[in-house]
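Remember, predicted model here, so these are calculated numbers, not experimental data. One-based numbering along the sequence shown.
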Amino acid sequence: MWTRWLRQRRTWIWLAIALVVRGGYFALFLQEHGLHGAWYGWGAENGDTPGYFEPIDAHLRGEGYRPDFRMPGYGLPYLVLRLYTTPQGAGTGIIFLQLLLGMVSVMALGRTLRLLGASDRMATVGCFAYALVGRVAIYDVCWFTESFCTSALILAVHSWLAHLRTGALRVLVWSGGWAAWAVFLKPVFALWLVLLAIGIVLLAQASLRRRLVLAGLFLLPFALSDGWWIRRNWIMHGTFVPLSNGTIMPELRRSPMLPLMRFLQATGGNYLHWDPAAHIRWFNMREGPRGAPGKRKDRGVEMPAFALSPGITADSLRALAAEMPRYSDPILHYTERREVLRRITARCDRYIRTYRNERPWQHHVMARLRLTGLFFRMAGLGPLFPEQPRRPGFFTAPVNLLDTLMHWALVVGGLVAAIAGLVRGRAAVLRWLTVLTLVGVFIHPWGLRLCEGRYLVPMLPFLLLLILAVASDLLRRRDPKTIGAGRA
């Protein structure tokens with residue numbers, strides 16, 4: 001199958017698009033964000049980076065995989081590279097692996113469109129449009145899970161569709177492997193893994209018994225890898241942990257940031273302390289888990305009036321905000337700081353209960369809608385190039401503008417296409433892919449109450465996929481000559 005694909009002219013056109021567009025973005029972003037002396041080599045470091053790589057280095061030193069609050073999906077390629085090189089060499093290698101897999105995913109998205117029945121021209125448009133999405137491409141130069149996870153999900157869905165089309169078992173296992181890795185990168189996509197398996201049971205052309213066997217075969221890579229992870233966690237902690245050992249960094253558990261975050265999540269506020277417009281900054285929380293007021297400039301930060309209720313007054317919120325400078329006072333004794341943290345935690349817990357009881361509609365619905373708005377506005381993320389880039393060029397403003405236009409085109413267009421696909425789509429596989437995409441989009445603001453914009457990144461190519469696949473489906477209804485264009 002792959003050799004036949006490589007002999008096709010369109011494959012080389014898609015490869016050229018991936019090399020020129022995605023590779024061009026890589027060169028720009030690496031120069032701007034990744035060539036400035038990060039500890040792990042060429043790449044853009046962030047607060048989460050040590051949490052991915054330090055456990056691997058600790059394992060290589062014989063200290064075990066610790067801290068282990070993250071699943072080792074991102075650390076696995078780093079481990080392989082560390083067997084042969086330094087942390088800096090391994091980190092740089094990760095960046096170039098992200099580029100390579102990102103370019104492969106551009107081509108795979110085009111082939112996915114073909115499997116959904118789109119024409120060659122529509123598939124080429126999809127490749128080019130996806131390669132142009134700078135908000136995805138920028139993560140090729142960052143030590144975050146977004147780049148690998150986005151590519152893994154595309155490859156998993158591509159192989160899943162290929163199996164439904166051809167019935168090839170090796171393609172099914174391949175799909176399960178990519179989906180399993182996506183879960184180890186971002187555990188939230190365990191729900192996608194389950195939905196893809198259910199999709200096989202519902203859509204495969206075989207007897208029910210055969211479809212159940214196929215679903216089990218799809219889940220086999222995850223079952224084997226997660227079985228190892230469960231066994232390891234049982235030996236280390238004596239507890240059954242099938243996914244991550246919690247989503248909260250250890251230093252955050254000992255910080256007043258956590259109760260403040262929980263309160264803002266319950267009320268629908270922006271809890272991302274590094275965002276200049278975040279509500280959490282009104283509470284004097286700007287510099288991370290330590291709670292230091294810091295020197296970061298706020299941008300229009302006001303008291304979160306939507307968080308008020310009969311039992312939560314403006315004065316009570318001001319009193320909560322006044323606790324932060326006291327907690328971060330460097331001369332405060334450890335026992336006093338612990339007592340301040342206890343008061344902050346108790347106060348936030350009480351406010352959450354009060355808000356849930358006194359304003360249930362706001363807590364259960366409107367708060368999630370506010371978080372969804374923040375999510376779609378990519379809360380916590382600035383432009384691809386800052387206002388004062390390291391190496392200013394004529395391209396910075398156009399690239400930022402293109403990023404904004406494409407983001408909103410994909411979000412608005414993708415959601416409209418999702419509705420159209422559910423209501424008017426003829427193909428059951430397209431409707432199921434629509435369900436997958438909607439779950440992937442809304443699980444964060446509605447299920448987990450998370451609004452950090454980068455969690456939307458893995459869904460951007462799937463929103464694009466829906467736009468083009470639904471458009472192609474509607475066009476085929478008007479032009480009978482295009483029926484059968486989906487042979488890949």
Side-chain angles (χ1 to χ4, degrees), residues 15 18-19 22-108 136-156 174 177-178 180-187 221 224-226 228-229 232 236 244-245 249-251 390-391 454 457-458:
L15 176 60
L19 286 170
R22 189 76 172 243
Y25 268 142
F26 181 80
L28 293 178
F29 293 145
L30 189 63
Q31 173 182 271
E32 175 61 33
H33 300 284
L35 296 176
H36 48 87
W39 168 250
Y40 290 101
W42 287 4
E45 197 166 345
N46 55 79
D48 286 357
T49 300
Y52 299 124
F53 296 156
E54 283 183 355
I56 300 298
D57 288 325
H59 170 73
L60 292 174
R61 292 193 301 267
E63 301 170 4
Y65 182 81
R66 61 181 63 183
D68 60 353
F69 65 96
R70 296 188 189 279
M71 297 181 78
Y74 199 64
L76 179 61
Y78 178 78
L79 172 63
V80 174
L81 292 169
R82 277 289 284 116
L83 296 176
Y84 302 98
T85 185
T86 63
Q88 292 73 31
T92 302
I94 290 289
I95 296 300
F96 282 93
L97 281 176
Q98 289 177 166
L99 169 65
L100 176 62
L101 204 57
M103 291 193 296
V104 170
S105 73
V106 170
M107 301 166 65
V136 175
I138 193 172
Y139 286 99
D140 289 344
V141 305
C142 300
W143 288 301
F144 270 127
T145 57
E146 270 63 30
S147 179
F148 276 155
C149 186
T150 304
S151 299
L153 290 174
I154 292 173
L155 291 166
W174 187 250
W178 285 116
W181 188 36
V183 175
F184 270 73
L185 289 163
K186 284 185 174 293
L224 293 175
S225 55
D226 198 51
W228 165 83
W229 179 244
R232 181 261 175 201
M236 295 296 298
S244 62
N245 291 315
M249 294 186 293
E251 59 268 28
R390 293 175 184 275
R391 301 188 182 188
R454 68 184 175 96
V457 167

Notebook entry, point to check: Does the side chain of S244 come within less than 4.5 Å of M71's, by heavy atoms?
Noted result: yes
Checklist line | Spacing of L99 atom CG and L30 atom CG [to the nearest 0.5 Å] | finding: 9.5 Å
Notebook entry, point to check: Mind checking whether W229 and P72 have side chains closer than 4.5 Å, heavy atoms only?
Noted result: yes
Next item on the list: Identify the heavy atoms of D140 and S147 that sit nearest to each other, and give their distance.
Entry: OD1-OG, 2.6 Å
Item checked: Test item: S151 side-chain N/O and S105 main-chain N/O as donor-acceptor pair under 3.5 Å -> no
Margin query: Between E54 and R66, does any NZ, NE, NH1 or NH2 come within less than 4.0 Å of an OD or OE carboxylate oxygen?
Written below: no
Next item on the list: Could I get the full list of salt bridge (Lys or Arg N to Asp or Glu O under 4.0 Å) partners for D226, not counting sequence neighbours?
Entry: none
Checklist line | Aromatic contact, Y78 with Y52 (centres under 6.0 Å) | finding: no
Note to self: Can you confirm whether I56 sits close enough to L76 that some side-chain heavy atom of one is under 4.5 Å from a side-chain heavy atom of the other?
What the structure shows: no
Next item on the list: Could you tell me how the ring of H33 sits relative to the ring of F29: parallel (under 30°), tilted (30 to 60°) or perpendicular (over 60°)?
Entry: tilted
Next item on the list: Mark yes when over 12 heavy atoms from residues, nucleotides or ligands other than W178 sit less than 6.0 Å from its CH2; otherwise mark no.
Entry: yes
Margin query: Tell me whether the NZ or CZ atom of R232 lies within the 45° cone about the ring axis of Y65 and under 6.0 Å from its centre.
Written below: no
Notebook entry, point to check: Taking atom CZ of F53 and atom CG of D48, what is their separation to the nearest 0.5 Å?
Noted result: 11.0 Å
Margin query: Let me confirm one number: the CZ-CZ distance from R454 to F144, rounded to the nearest 0.5 Å.
Written below: 4.0 Å
Check: Would a line drawn from the ring center of Y74 to the ring center of W143 be shorter than 6.0 Å?
Finding: no
Notebook entry, point to check: Between A108 and I154, what is the shortest heavy-atom contact and its length?
Noted result: CB-CG2, 4.0 Å
Next item on the list: For residues P458 and L153, report the shortest heavy-atom separation together with the two atoms involved.
Entry: CB-CD1, 4.0 Å
Next item on the list: Could you tell me whether F96 and F26 have their ring centroids closer than 6.0 angstrom?
Entry: yes
Checklist line | Between CG on residue L60 and CD on residue E63, distance to nearest 0.5 Å | finding: 10.0 Å
Next item on the list: Compare all side-chain heavy atoms of L97 with those of L81 and state whether any distance is below 4.5 angstrom.
Entry: yes
Next item on the list: Kindly give the heavy-atom pair with the smallest separation between Q98 and Y139, and that separation in Å.
Entry: NE2-O, 3.1 Å
Next item on the list: Return the minimal non-hydrogen interatomic distance between C149 and K186, and the atom names on each side.
Entry: SG-CD, 3.8 Å
Checklist line | For D57, all residues meeting salt bridge (Lys or Arg N to Asp or Glu O under 4.0 Å), sequence neighbours excluded | finding: R82
Next item on the list: Would you indicate whether the side-chain heavy atoms of P55 and P67 approach each other to under 4.5 Å?
Entry: yes
Notebook entry, point to check: CD of E45 to CH2 of W39: how many Å apart, nearest 0.5 Å?
Noted result: 9.5 Å
Check: Could you give the distance from CD1 (I138) to OH (Y25), rounded to the nearest 0.5 Å?
Finding: 10.0 Å
Notebook entry, point to check: Are any non-hydrogen side-chain atoms of I94 and P77 less than 4.5 angstrom apart?
Noted result: yes
